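Bear in mind the structure is a predicted one, so any value in this text is a computation, not a measurement. All chains are named by letter (A, B, ...) in the order of the sequence lines, taking the proteins before the strands, and each is independently numbered beginning at 1.
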2 protein chains.
Amino acid sequence: MVTLAEVAQHAGVSASTVSYVLSGKRSISTNTRQRVEESIRELGYHPNAGARALASSRSNIIALMVPLRTDMYVPVMMEIAIAVATTARAHGYDVLLLTGEEGPDAVRRVAGSGLADGMILMDVELEDERLPLLRGGDTPGGTRPGVRADQPAVLIGLPADTSGLTCVDLDFRATGALCVEHLAKLGHRDIAVIGEAPAVYERHTGFAERTLDGLRSGAREAGVRLLHRPCEGGYDAMALTLARILDERPGTTGFVVQNESAVEPLLALLRQQGRAVPEDVSVVAVCPEQVAVQASVRLTSVAIPAQEMGRYAVEHLVAKLDGRDGDEVVLIAPELTVRASSGPAPSRA
Amino acid sequence: MVTLAEVAQHAGVSASTVSYVLSGKRSISTNTRQRVEESIRELGYHPNAGARALASSRSNIIALMVPLRTDMYVPVMMEIAIAVATTARAHGYDVLLLTGEEGPDAVRRVAGSGLADGMILMDVELEDERLPLLRGGDTPGGTRPGVRADQPAVLIGLPADTSGLTCVDLDFRATGALCVEHLAKLGHRDIAVIGEAPAVYERHTGFAERTLDGLRSGAREAGVRLLHRPCEGGYDAMALTLARILDERPGTTGFVVQNESAVEPLLALLRQQGRAVPEDVSVVAVCPEQVAVQASVRLTSVAIPAQEMGRYAVEHLVAKLDGRDGDEVVLIAPELTVRASSGPAPSRA
DNA sequence: CCCTTTCGTCGAAGCGCTTCGACAGCTGTA
DNA sequence: TACAGCTGTCGAAGCGCTTCGACGAAAGGG
């Protein structure tokens, strides 16, 4: 491996000069800079990451913690991960991939070892075990002294208590409200919500509950009836859930679907039962754009802006690492796109 | 941050002793070991990753290069990535997430900087630009001297020339043959293949072409007719493709689907046209288990063993890093599971 | 009983980089 | 002319760890 010293020798300057050329932290004459750059190119020099991290106590690595489970939103997760990696590179960072598996220990390990300069957490639960370790500022009596990692971090998702934390997320509350509002305006009075898998609610994943909140308060405001049912993905689960819903509320004409793997099954089932979309029933989905346009009926939907979330998360984290930015909660405003799956409620029989 | 030296002092031993306790590279008396371990726990010590990497020239990091595009097999990619991360941790490695974006430069950068000890590449093309940098052994005249990264690497996927490379993949050739064979045995004489998006073939992704090979030779052997059509995912594209297929070969009774996002649209279209599955037409898919069982008809399928591929890749890489293992091509044998979507061909009208 | 091994521990030398303080040579100002 | 203030460069100290050789002590062999 080529070292800094070799580059320096080749260029006829000292090692520190080469270092300053690389970092730009001191002014260098144009002449010297060019000679050094030429040597770097010629020798194919790459700075050694470990040495750099040791000397500067900055690793230029961001840790990204993705959920281990794949029971929800896999494409969204993937898209976020890729956006994070891409954006991070653009800012000179690499991304370390952690799975939720290790839980809080991963936070301790990464923070303690200086492996990463900061972290981004996905799939945050309302009372997440990892949060006490991340909370900046003062959490009086909250953490045992010496245990605080105080790792710069950004969450994708919203916990119950966001004090001392930076979070980025779609405003799922507004999303829920928006969906109901859309259907209510079209005259639907009985709306069913196909939610995420029961397990998602059980572990108190913030976005699911917040969406529900929004749906409920939207319904209250618009004076429509709302029936919420969790649903595993897949055809069979959807069939069962739909049957129950129509049994309980035969007059249901509006559906809000949050579970992306229930979308296509729902459409197939409705078709099979002779209920036309959007003539007889309307469907609004909360899902990535791609799912909405690729479905068998182009779906009216609120997009989940995965890329944007990943990008914002990195940008806020980098700002924090540069000391440019404090704690903050960024909620992305939802946008509802009307497509072919929603229309006026049928006139009452 | 707590350092080795502080632990040593706290335990009343020298720094090197602590280091040997940690690495186990020299024998340590039980007594000393326990005292040191106790101090480590008490002080909450985590070795500094940079220092460790610098001193040992091992980073204990594996780089994983995932495709930037998301035009195919997203859940498979995700599953592989998670399996890689999990398996790597079990072997004491962390995973660095790289996107294909940087191309060969990423290989140079990571290898040159010692950021990672080895790498795993996904989405390998037949003539992949990154390969010359990875090829071990002698590639006479192949690479400019000094350019060879000679980075220990494992590919997930098969390039045209595997010499000097370690690869892990499903045996897609056998997979194709297996699908045709299954349908042929059931009496189907006209088989259509719904392939990946055209772009996938254009960039010569190995698995797509190898599957096709297998399908064709299987068809030749079984004496059945085969019609292959690439297909973007989604309902509209599938509708168009299906219409063309049935126009050209109205007698088609067997379908092999490789594009996972064409599966559900195909089933919906067939249903809509009054063709019953499996009574009138049979469908065999190449897809993850989960997709097969969640579809509206439980699909006869060859599973894509994503987890296994990720795990094997890591295990081979780790073996290589330990000097325990040479170059090798591991092809996982395909397994066809019969479910509800395939049955005997209808008797000829 | 002495000499050789083996065991357990230590000190010191780096690994390749960043960064601080020093300083030589200039420019510009008084 | 002299001195303050830049600018551009260098040397050296250290970041926290691994690892090599050394060495005293205990154990085994002749």
- Regarding B:Arg58 and B:Tyr93, is there a side-chain donor-to-acceptor distance under 3.5 Å anywhere? yes
- Message: Base, sugar-phosphate or nothing for A:Leu4? Non-hydrogen atoms, less than 4.0 Å.
- Response: base
- Task: Could you please spell out the steps behind the side-chain contact (heavy atoms from CB on, under 4.5 Å) verdict for B:Leu96 and A:Ile61?
- Result: CA-CA 9 Å; B:Leu96 199 75; A:Ile61 289 180; 4.2 Å; yes
- Separation of C:dT19 C1' from A:Leu22 CG (nearest whole Å): 14 Å
- Task: Might you work through the side-chain contact (heavy atoms from CB on, under 4.5 Å) test for B:Gln151 and B:Leu133, ending with a clear yes or no?
- Result: CA-CA 8 Å; B:Gln151 181 80 343; B:Leu133 294 167; over 6 Å; no
- Message: Strictly below 4.0 Å, N to O, side chains only: are A:Glu101 and B:Arg89 in salt-bridge contact?
- Response: no
- Query: Can B:Thr17 and B:Ser14 be counted as having a side-chain donor-acceptor contact under 3.5 angstrom?
  - Reply: yes
- Message: The side chain of B:Thr17 is closest to which nucleotide in this list: C:dC10, D:dT9, C:dC17?
- Response: C:dC10
- State whether a side-chain donor-acceptor pair under 3.5 Å links B:Ser29 with B:Asn31. no
- Message: Check the phosphate of D:dG11 against A:Ser14, side-chain N and O only, distance under 4.0 Å to OP1 or OP2. Yes or no?
- Response: no
- Query: Within the structure, does a side-chain N or O atom of A:Ser19 lie under 4.0 Å from either OP1 or OP2 of C:dT18?
  - Reply: yes
Under 3.5 Å, which protein N or O atoms sit close to an N or O of nucleotides 20-22 of chain C? Give each pair with its distance.
| unit_1 | atom_1 | unit_2 | atom_2 | d |
| --- | --- | --- | --- | --- |
| C:dC20 | N4 | A:Tyr20 | OH | 2.6 |
| C:dG21 | N7 | A:Arg26 | NH2 | 3.2 |
| C:dG21 | O6 | A:Arg26 | NH1 | 2.2 |
| C:dG21 | O6 | A:Arg26 | NH2 | 3.3 |
| C:dA22 | N6 | A:Arg26 | NH1 | 3.4 |

- Message: Among residues 49-58 of chain B, which ones have heavy-atom contacts with DNA chain C below 4.0 Å?
- Response: B:Leu54, B:Ala55
- The single option from A:Leu134, A:Leu165, A:Val154 that satisfies side-chain contact (heavy atoms from CB on, under 4.5 Å) with A:Leu121 is A:Leu134
- Note on the structure: Shortest non-hydrogen pair, B:Ile80 vs B:Ala306, comes out as CG1-O, 3.6 Å
- What's the shortest heavy-atom distance between A:His10 and A:Ser39, and which atoms? ND1-OG, 2.8 Å
- Item | N/O donor-acceptor pair under 3.5 Å between B:Arg130 side chain and B:Gly103 backbone | no
- Message: Side-chain N or O of B:Lys25 versus OP1/OP2 of D:dT19: is the shortest distance under 4.0 Å?
- Response: yes
- Side chains of A:Leu126 and A:Pro159: does their closest heavy-atom pair fall under 4.5 Å? no
- Query: Of all of residues 30-48 of chain A, which get a heavy atom below 4.0 angstrom from DNA chain C, listed by number?
  - Reply: A:Tyr45, A:Pro47, A:Asn48
